[in-house]
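Since the structure comes first, as structure tokens, the remarks are kept for the end.
All ligand and atom numbering here is 1-based and tracks the order in the structure. Below, all heavy atoms of this structure are taken into account, side chains as well, without hydrogens, waters or symmetry copies.
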Amino acid sequence: MGASAYEVAMLQLDKVAKRMNLSDEVVAELREPERSLTVRIPVRMDNGKVRTFTGFRVQHSTVLGPTKGGTRLHPEEKYEDVLALAFWMTIKNALAGLPAGGAKGGVIVDPMELSEGELERLMRGYVRAIMPIMGTRKDIPGPDIGTPQKVMAWMVDEYEQCRGEHDPAVIAGKPPVLGGSLGRERATAYGVAVVLQQALELKGQSLKEQRIVIQGFGNLGGHLAQILVDKGATIIGISDVTGGYFNADGLDIAGARVYAATHKTLGGWTGGKQINNAELLALECDVLIPAAIQSQIRGDNVDTIKAKLVVEGANGPVTPEAEEALFQRGVPVIPDIVANVGGAVVSYFEMVQDLYSFFWTVEDVESRLEAHMKQVFTDVHRVAEQEGTFLREAAWMLALNKVISAMRLRGRV
Ligand code: NAD
């Protein structure tokens, strides 16, 4: 078992705090959330009995603006992990230059075990339970694991019905017909592609000559593979939880997406040589993009990695030990807080559009997202060069500088 999200977040904070010479007082403030709520949600199940679920909403920091962050449904959800995720949202939102603080929420539940009606009653109950601390100017929940658009639609509807007013900006990740933003579904993938392109340009390279391997073929990995192919890259390896596929001349990504959409996974696809996930990560390639789950490149397998550049699409796929080893070998890792911030940026664009009741085309959304991502990467790269450090540490330093200066100006430290 690897370290918990909370342990990793606190280790990261301590490491950067030391480098930035932060006072104990400031670090103590950052460790704790400003506000957190634990709620009990009774739900009438289809069998007529009442089952009570536990949920959380943690608002880590409001010094830069109202808090924003996802809602995760998971059977092993823990308060400490929600806190760590809320803290990371503070860092991500600050780094991306958004006028927002970080929050995260969740319910301890396996949504696959519930009927559609039970899930709807649970999520409407969750919204009623956290309503006192929600609001367009307070805290804006968005989607995360287990909360697709239809769940966000129930959540915004419950809030609006209870308040008796239209207020779509209070929830991010809604279907476009209810005030969601165009381009939201592939925003994270689009942002990863922009950052990769930017990193290659700095080395005088382009996507066209890159042989790329992607682990994970879900919302992020599937969209990303397609965007990269459309921009001229060659995807030589893909995988999901059922295993991987390889073709040195490039895989048929459009075909793989149709297959995965029809069969739910890539299992049984015949479009490439079958390999397992360990072999996929070890493929000879220019760019490796882990876009599935955490802790995939670790101390025990980092020596097998042959990629020249690693981009963290998923959250936390490279452990700190593996990152250090890659750094020593001159293999840069573009960290999650830089690479996958596109979803958070477009959630913010969604709020702006809702507040103005004026909606942008997908081209508007993606060109603004592109400008945003380029700025983030350029800033982080500059600080990393100046300080001679990892991109991740540079990103944390930039984000913490903003958060701490807002804390000081408000007289909170
Ligand atoms: P998803 O559930 O749509 O897809 C996950 C993919 O990973 C699936 O193809 C699944 O089969 C695969 N997978 C799961 N376990 C695996 C394993 N052990 N080995 C190989 N593949 C495995 O999720 P997603 O939205 O694509 O998110 C992927 C990652 O990106 C997560 O870490 C998520 O936190 C992160 N992320 C996603 C977004 C977003 O907007 N979708 C935003 C920020 C971060």
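Under the 30°/60° scheme for interplanar angles, the aromatic rings of Phe87 and Trp396 are found to stand perpendicular.
When each atom of ligand 1 is checked for a heavy atom of Ala291 under 4.0 Å away, the hits are 28 (C), 29 (C). If you number the atoms of ligand 1 from 1 as listed, the ones under 4.0 Å from a heavy atom of Ala314 come out as 29 (C), 30 (O), 32 (O), 35 (C). Every atom of ligand 1 is numbered from 1 in the order shown, and the set under 4.0 Å from a heavy atom of Leu220 is 24 (P), 26 (O), 30 (O). When each atom of ligand 1 is checked for a heavy atom of Asn277 under 4.0 Å away, the hits are 19 (N), 20 (C). Near Thr188, with a cut-off below 4.0 Å to any heavy atom, the atoms of ligand 1 are 38 (C), 39 (C), 40 (O), 42 (C), 43 (C).
Atom 11 (O) of ligand 1 has its nearest heavy-atom neighbour, among Asn276, Thr242, Val241, in Val241.
Under a 4.0 angstrom heavy-atom cut-off, Thr265 registers as lying outside contact with ligand 1.
Judged purely by atom type and a 3.5 angstrom limit, Ser181 has no side-chain atom pairing as donor or acceptor with the backbone of Arg184. Put simply, the side chain of Arg72 never gets that close to the backbone of Glu77: no donor and acceptor are under 3.5 Å apart. Checking side-chain atoms of His372 against main-chain N and O of Ala96 turns up a donor-acceptor pair under 3.5 Å.
Among protein heavy atoms, atom 9 (O) of ligand 1 sits closest to Phe217 N, 3.0 Å. If you check which protein heavy atom lies closest to atom 7 (O) of ligand 1, you get Ala292 CB, 3.4 Å. Ranking protein heavy atoms by distance to atom 4 (O) of ligand 1, first place goes to Gly218 CA, 3.3 Å. Scanning the protein for heavy atoms near atom 18 (N) of ligand 1, the closest one is Ile293 CD1, 3.5 Å.
Between Gly343 and ligand 1, not a single N/O pair is under 3.5 Å apart. Taking distance alone, with nitrogen or oxygen atoms compared against 3.5 Å, Gly221 stays at or beyond that limit from ligand 1. Ligand 1 has an N or O atom lying under 3.5 Å from an N or O atom of Asn315, backbone or side chain. Between Asn219 and ligand 1, an N or O atom pair is found at a separation short of 3.5 Å.
Within 4.0 Å of atom 2 (O) of ligand 1, not a single protein heavy atom is present. Distance remark: protein heavy atom not present below 4.0 angstrom from atom 23 (O) of ligand 1.
More than 12 heavy atoms of other shown residues, nucleotides or ligands fall within 6.0 angstrom of atom NZ in Lys306. For Lys203, the NZ atom sits in a packed shell: over 12 heavy atoms of surrounding residues, nucleotides or ligands are nearer than 6.0 Å. Heavy atoms from other residues, nucleotides or ligands lying under 6.0 Å from CD of Gln12 number more than 12.
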- Task: Please lay out, stage by stage, how Gln197 and Glu201 fare under the test side chain to side chain donor-acceptor pair (under 3.5 Å).
- Result: CA-CA 6 Å; Gln197 218 166 351; Glu201 272 168 25; 4.8 Å; no

- Check the pair Arg40 / Thr54 against side chain to side chain donor-acceptor pair (under 3.5 Å), numbers first and verdict last. CA-CA 5 Å; Arg40 302 274 290 153; Thr54 300; 3.1 Å; yes

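If you look at Gln215 next to ligand 1, the close heavy atoms, those under 4.0 Å, all belong to the side chain.
For the side-chain contact (heavy atoms from CB on, under 4.5 Å) criterion with Phe246, the lone passing option out of Val213, Leu251, Ile275 is Ile275.
For Lys68 and Phe349, the positive end is not near the middle of the six-membered ring at less than 6.0 Å and at most 45° from its axis.
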